[in-house]
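Basis for what follows: all heavy atoms, side chains included, without hydrogens, waters or symmetry-related copies.
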Protein chains: 2
Amino acid sequence: MVKPTDSTALPTPKRSRRGSGAVTLHDVARLAAVAPITASRALNTPDQVSPEVRQRVAEAVAALGYVRNHQAGALASARSRLVAAVVPTLSGPVFGPMLQALTEALAGQGYQLMLGQSGYVDSREDALLDAIIGRRPDGIVLTGVMRSPEGRRRLLACGIPVVETWDLSPDPLDLLVGFSHAEVGRAVARFLAARGRRQLAVVAGDDERSQRREQAFCRAAAELGLPQVRVIRVPAPTTLQSGRRALAQWCAEGPPVEAVFCSSDLLALGVLTEAQARGLSVPQALAVVGFGDQDFAADLNPALSSVRIDGQAMGRQAAQWVVDRAEGRAIAERVVDLGFSLIERSST
Amino acid sequence: MVKPTDSTALPTPKRSRRGSGAVTLHDVARLAAVAPITASRALNTPDQVSPEVRQRVAEAVAALGYVRNHQAGALASARSRLVAAVVPTLSGPVFGPMLQALTEALAGQGYQLMLGQSGYVDSREDALLDAIIGRRPDGIVLTGVMRSPEGRRRLLACGIPVVETWDLSPDPLDLLVGFSHAEVGRAVARFLAARGRRQLAVVAGDDERSQRREQAFCRAAAELGLPQVRVIRVPAPTTLQSGRRALAQWCAEGPPVEAVFCSSDLLALGVLTEAQARGLSVPQALAVVGFGDQDFAADLNPALSSVRIDGQAMGRQAAQWVVDRAEGRAIAERVVDLGFSLIERSST
DNA sequence: ATGAAAGCGCTAACAT
DNA sequence: ATGTTAGCGCTTTCAT
């Protein structure tokens with residue numbers, strides 16, 4: 001038995017920091033009989049070490065059950081491999097596909113997603129920013145564009161790549177992938193007018209982007225010489241119930257509505273449901289258009305016409321940009337307009 | 001001009017690390033004329049410093065636009081204030097409320113959420129674990145229980161608090177908040193039988209938890225002396241379309257179904273939609289029960305009976321546990337059964 | 001291809 | 001209440 005030699009005159013380790021007890025890269029290196037830095041290279045840049053060493057390190061890792069400490073690595077290399085995403089809410093299904101694609105694309109390249117919820121209120125976005133920047137992510141993906149000047153300043157100052165999404169903007173902070181909400185509103189208005197609908201209505205969430213669609217829709221209707229559009233605003237996130245109530249209200253008073261543009265598919269489902277409950281036939285008496293083209297839209301009865309947005313493509317683009325920046329690659333385009341498509345189904 | 005003195009014998013600062021250029025706590029401390037650790041305390045434990053110093057540090061922070069570096073803090077204190085959550089998918093709406101509540105509860109206490117997607121396949125869960133553990137979160141929230149023995153071992157070994165959710169299990173890894181899927185299945189079968197329905201059917205996702213509900217449902221039906229339950233399995237995540245197809249298939253062959261238990265509200269909406277398309281009256285000819293009691297269930301026409309799960313409560317409980325552990329507080333109960341409620345509406 | 005030294009920015013432990 | 005010192009675990013820079 002080899003007892004740890006009680007070295008008589010060793011400079012006694014005065015302070016003892018508990019040191020989490022976990023196995024570190026140094027332990028791996030010792031077992032593999034190499035310097036720590038070599039073990040590091042064996043894991044991060046395997047081509048830089050001999051196959052022999054690579055092998056020994058791999059064995060040591062397995063033997064000790066080593067799991068790298070990314071936090072330490074991040075501090076030393078100033079690259080956290082963490083990407084922050086900010087969404088208004090997780091409760092609606094709208095941002096799911098984008099987040100899913102984002103998470104997956106990032107995971108595939110060794111990055112991890114940090115999630116923040118801003119609510120639909122700008123003030124909370126600012127508070128979140130501190131929490132996020134403090135974690136030094138390699139990128140920040142925003143849902144919508146950053147409006148608050150204070151927020152913009154902070155983001156610019158911290159030097160972290162920022163991707164704004166779900167919108168277009170004349171002056172992006174940094175990178176931007178999205179589509180034009182105004183275009184959507186116009187397209188839907190023209191679409192309905194072209195099908196002979198004159199008395200249009202819109203039910204929209206009270207968030208900024210829904211309102212831009214709503215306003216463009218109304219303006220386009222006016223330009224087409226249609227009667228005043230009937231508008232109902234409902235709290236975001238939107239619900240089926242709000243959709244039902246909107247149609248109920250329109251039916252209760254005022255001129256009969258011939259077509260409704262809903263700022264979400266859920267609202268549209270509400271309108272469809274209320275129409276069915278009232279014996280209003282869709283699309284004969286009432287045309288309905290949703291927004292988002294969620295999974296269920298195509299299979300409703302009647303199938304729901306909707307505006308399709310490619311959330312997954314947005315997520316993938318954002319991931320690509322962030323990783324490219326982190327790896328120091330040049331970025332060709334800094335703004336991508338993904339557009340949208342108006343899918344015509346039997347509800348119109 | 002001062003040229004860099006070619007110091008003949010100075011111990012030349014040989015290495016220069018670029019040091020990210022950001023303002024650090026040391027800069028703040030210098031400006032406030034205190035030691036770095038004092039500045040640290042002024043920010044983290046304000047009661048430990050004099051109001052005067054607190055004030056000076058606050059001014060310095062503002063003047064320099066300092067944002068703390070959590071990564072460095074995490075390394076030094078072995079507390080990352082990061083919590084990892086693993087969900088099968090973000091695409092469905094099912095986990096939204098839990099994640100939302102979790103994120104919010106954590107944010108309120110200075111913690112941030114890291115998100116991982118496992119898919120519905122166990123193998124990916126293992127790979128994710130490495131990425132997560134490597135980031136040294138202060139807690140890991142799992143959707144469902146961890147089955148893979150390898151995964152269990154890793155989680156146990158790393159010493160990070162783990163909360164399993166959305167399920168009950170005889171041998172929780174650590175902490176567990178959920179409900180019994182078997183109980184749900186039984187309750188729904190009894191509920192339908194009590195209303196005189198005899199020919200039952202179930203359409204269920206092919207994930208493990210849906211199947212446990214399905215199986216308990218079938219067993220209970222058998223025990224009640226009902227005819228063989230008709231079962232259709234569909235891929236998770238479940239869709240409206242799968243629901244429509246299931247009902248269509250039942251109508252096409254075999255004895256007429258009198259009641260359906262769907263493993264999600266979306267499936268139920270599909271069944272409702274198909275029933276309406278076929279002129280099958282709900283609840284007269286067909287009773288329908290969903291699962292999840294999502295927002296829209298109550299406002300469908302007919303209103304959907306469903307099994308209500310309190311996802312937000314799960315999120316809050318998980319957050320509470322993780323933070324308690326991180327702050328070193330004792331934990332009273334390590335298992336919480338949140339139960340469920342069967343909400344009866346007009347679809348039955 | 002491998003290694004030695006020096007930190008990254010912060011905080012725990014030990015003073016005073 | 002404040003300061004000194006010594007790291008946390010890793011990777012950079014420079015040297016061989």
Side-chain angles (χ1 to χ4, degrees), chain A residues 11-30 32-57 61 64 66-81 133-136 158 328, chain B residues 11-30 32-57 61 64 66-81 133-136 158 328:
Chain A
T12 40
K14 335 178 90 166
R15 285 117 210 267
S16 65
R17 262 180 106 161
R18 61 184 183 311
S20 77
V23 359
T24 72
L25 190 53
H26 282 70
D27 301 327
V28 172
R30 198 176 315 133
V34 294
I37 181 61
T38 304
S40 170
R41 286 197 271 250
L43 297 179
N44 297 317
T45 51
D47 327 294
Q48 288 186 30
V49 302
S50 67
E52 202 185 342
V53 164
R54 213 180 303 158
Q55 169 72 10
R56 288 213 313 273
V57 169
V61 164
L64 297 173
Y66 169 73
V67 182
R68 60 134 37 77
N69 186 331
H70 254 105
Q71 303 260 18
L75 183 59
S77 68
R79 290 191 41 200
S80 62
R81 289 166 181 280
I133 297 176
R135 260 104 186 175
R136 302 292 190 271
C158 70
Chain B
T12 40
K14 337 180 90 166
R15 286 116 213 267
S16 65
R17 266 182 103 159
R18 62 185 183 311
S20 77
V23 1
T24 73
L25 191 52
H26 282 69
D27 301 327
V28 171
R30 197 176 316 131
V34 293
I37 183 64
T38 304
S40 170
R41 286 197 271 249
L43 297 178
N44 296 316
T45 50
D47 327 294
Q48 287 186 30
V49 302
S50 66
E52 202 184 343
V53 164
R54 213 179 302 157
Q55 169 71 12
R56 288 215 310 275
V57 170
V61 165
L64 299 173
Y66 169 72
V67 182
R68 61 143 25 86
N69 186 331
H70 255 104
Q71 303 259 19
L75 183 59
S77 66
R79 290 189 42 199
S80 63
R81 288 165 182 280
I133 297 175
R135 261 104 187 175
R136 303 290 191 271
C158 71

Beyond-backbone contact of B/R41 with B/I37, side-chain heavy atoms, under 4.5 angstrom
yes
In the structure I gave you, are the side-chain heavy atoms of B/V67 and A/R136 within less than 4.5 Å of one another anywhere?
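Sidechains of A/R136 and B/V67: in contact.
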Hey, does the side chain of [X] come within less than 4.0 Å of [N]'s phosphate (OP1/OP2), counting only N and O?
{"X": "A/R68", "N": "D/dT11", "result": "yes"}
{"X": "B/S50", "N": "D/dA1", "result": "no"}
{"X": "B/S40", "N": "C/dT11", "result": "yes"}

Nearest whole angstrom, please: distance from the [atom2] of [N] to the [atom1] of [X].
{"X": "A/L43", "N": "D/dC10", "atom1": "CG", "atom2": "P", "value": "9 Å"}
{"X": "B/R30", "N": "D/dG3", "atom1": "CZ", "atom2": "P", "value": "14 Å"}
{"X": "A/H26", "N": "D/dC8", "atom1": "NE2", "atom2": "P", "value": "9 Å"}
{"X": "A/L25", "N": "C/dA4", "atom1": "CG", "atom2": "P", "value": "14 Å"}
{"X": "A/H70", "N": "D/dC10", "atom1": "NE2", "atom2": "P", "value": "11 Å"}
{"X": "A/R81", "N": "D/dT11", "atom1": "CZ", "atom2": "P", "value": "10 Å"}
{"X": "B/R136", "N": "D/dG9", "atom1": "CZ", "atom2": "P", "value": "8 Å"}

Take B/R41 and B/Q71, find for each the nucleotide of DNA chain C with the closest heavy atom, and name the residue whose nucleotide sits nearer the 5' end.
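Taking each residue's closest nucleotide, the earlier one in sequence belongs to B/Q71.
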When you match B/V49 and A/N44 each to their closest nucleotide on DNA chain D, which lands nearer the 5' end?
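Going by which nucleotide is closer to the 5' end, it is B/V49.
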Would you check, one step at a time, whether the test side-chain contact (heavy atoms from CB on, under 4.5 Å) holds for B/L25 with B/L43?
CA-CA 10 Å; B/L25 191 52; B/L43 297 178; 3.9 Å; yes
Listed nucleotide nearest any side-chain atom of [X], set [options]:
{"X": "B/I37", "options": "C/dA12, C/dC10, C/dT2", "result": "C/dA12"}
{"X": "B/L75", "options": "D/dC8, D/dG3, D/dT11", "result": "D/dC8"}
{"X": "B/V53", "options": "C/dG3, C/dT11, D/dT2", "result": "D/dT2"}
{"X": "B/A76", "options": "D/dG9, C/dG3, C/dG9", "result": "C/dG9"}

Go through the steps to decide whether B/T24 and B/N69 satisfy the test side-chain contact (heavy atoms from CB on, under 4.5 Å), and finish with yes or no.
CA-CA 8 Å; B/T24 73; B/N69 186 331; over 6 Å; no
Nearest 0.5 Å, please: how far is CZ in A/R79 from CD in B/Q71?
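Interatomic distance, B/Q71 CD to A/R79 CZ, rounded to 0.5 Å: 12.5 Å.
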NA contact type, B/A72, heavy-atom cut-off 4.0 Å: base, sugar-phosphate, or nothing?
base
